[in-house]
> 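Sending over a structure as structure tokens; questions will come in a sec.
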Amino acid sequence: MLLSTPIAVFGAFAVLWLRRTVLSAFLPSYMVQIEGDVYSQIGLVMLIGLAAKNAILIVEFAKEEYENGKPLVDAALEGARLRLRPILMTSFAFILGTVPLWTATGAGSVARQIMARP
């Protein structure tokens, strides 16, 4: 459970770095910004919360299976298997929910587009 949060934060920083690297290959250097704004920080806090919640639920399901007599490794795999579908559903719902923000036009659309981009 303790390893899920640092791995999630590392993944978020890796995506921000990759985005900056890819954008710098196609855009002039003055147009590529460092992603340390408020939106990135709020996203990191939300990511830490989701990673911790999912890890707690996986451990809870695994503990229940272990107490019912399964071996430790099998109980851990069963807990992860049971939680995979809800985790994927949450992730895809969030990704699809950001599509309207990403394609926004009109007044204030830049702020919405920044919130939706990785």
Side-chain angles (χ1 to χ4, degrees):
M1 188 175 94
L2 294 175
L3 292 176
S4 66
T5 303
I7 290 172
V9 171
F10 175 73
F13 281 129
V15 167
L16 289 174
W17 174 81
L18 183 66
R19 180 177 184 265
R20 193 169 122 212
T21 304
V22 169
L23 284 178
S24 66
F26 297 106
L27 296 174
S29 61
Y30 65 89
M31 293 182 73
V32 179
Q33 298 175 5
I34 296 174
E35 300 292 333
D37 56 359
V38 174
Y39 298 119
S40 297
Q41 293 171 4
I42 291 171
L44 280 173
V45 170
M46 287 176 47
L47 180 69
I48 290 169
L50 280 172
K53 180 189 83 112
N54 287 327
I56 289 169
L57 287 173
I58 288 172
V59 169
E60 183 179 325
F61 278 97
K63 182 179 177 228
E64 184 178 308
E65 292 292 324
Y66 182 69
E67 288 174 351
N68 288 338
K70 279 195 173 181
L72 183 63
V73 174
D74 291 340
L77 290 174
E78 182 69 18
R81 188 189 65 78
L82 286 173
R83 288 298 304 160
L84 178 64
R85 182 172 174 248
I87 290 170
L88 289 177
M89 288 172 56
T90 303
S91 300
F92 288 130
F94 176 76
I95 291 168
L96 291 174
T98 60
V99 170
L101 293 174
W102 195 2
T103 59
T105 58
S109 64
V110 174
R112 288 188 217 113
Q113 289 171 358
I114 289 172
M115 281 191 288
R117 290 186 185 140

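If you're wondering where the values come from, they're calculated on a predicted model, not measured in any experiment.
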> Do you know which two heavy atoms are closest between Tyr66 and Ala75, and how far apart they sit?
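Looking at all heavy atoms of both residues, the closest pair is N-CB, 3.7 Å.
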> Taking 4.0 angstrom as the limit, do Arg81 and Glu78 come out as a salt bridge?
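Yes, this pair counts.
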> So how far is it from Leu50 CG to Ser91 OG, rounded to the nearest 0.5 Å?
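If I round to the nearest 0.5 Å, the distance is 8.0 Å.
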> How many angstroms lie between CZ in Phe13 and CG in Leu44, if you round to the nearest 0.5 Å?
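Taking CZ in Phe13 and CG in Leu44, the distance rounds to 5.0 Å.
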> So, for Ser4 and Ala55, which heavy atoms are closest and what is the spacing to 0.1 Å?
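So the minimum-distance heavy-atom pair works out to OG-CB, 3.4 Å.
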> Do the side chains of Val73 and Phe61 join up, straight or via other hydrophobic residues, at under 4.5 Å, putting them in one cluster?
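Different clusters.
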> Would you give the length of the straight line joining atom CG of Leu82 to atom CD of Glu64, rounded to the nearest 0.5 angstrom?
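The CD atom of Glu64 is 9.0 Å from CG of Leu82, to the nearest 0.5 Å.
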> Working to the nearest 0.5 Å, report the span between CH2 of Trp17 and OG1 of Thr21.
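That separation rounds to 4.0 Å.
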> Would you find more than 12 non-hydrogen atoms of other residues, nucleotides or ligands less than 6.0 Å from Leu2 atom CG?
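Check fails, neighbour count at 12 or below.
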> So, do Ile58 and Ile87 sit near enough that their side-chain heavy atoms are less than 4.5 Å apart?
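Yes. Closest side-chain heavy atoms under 4.5 Å.
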> Minimum heavy-atom separation for Ala51 to Ala8, with atom names?
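In terms of heavy atoms, the two residues are closest at CB-CB, 3.9 Å.
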> Would you call Met89 and Pro86 a side-chain contact if the rule is heavy atoms closer than 4.5 Å?
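No, too far: nothing below the 4.5 Å cut-off.
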> Consider only side-chain heavy atoms of I, L, V, M, F, W and Y, link residues closer than 4.5 Å, and tell whether Ile56 and Val59 are in one cluster.
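Ile56 and Val59: one cluster.
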> For residues Leu47 and Val9, report the shortest heavy-atom separation together with the two atoms involved.
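In this case the closest contact between Leu47 and Val9 is CD2-N, 4.3 Å.
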> Can you check whether Lys53 reaches Leu57 side chain to side chain, under 4.5 Å on heavy atoms?
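The answer is yes; the side chains approach within 4.5 Å.
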> From Glu65 CD over to Glu67 CD, what is the distance, rounded to the nearest 0.5 angstrom?
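So the gap between those two atoms works out to 10.5 Å.
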> How far does CD1 of Ile95 sit from OG1 of Thr90, to the nearest 0.5 angstrom?
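It comes to 11.0 Å.
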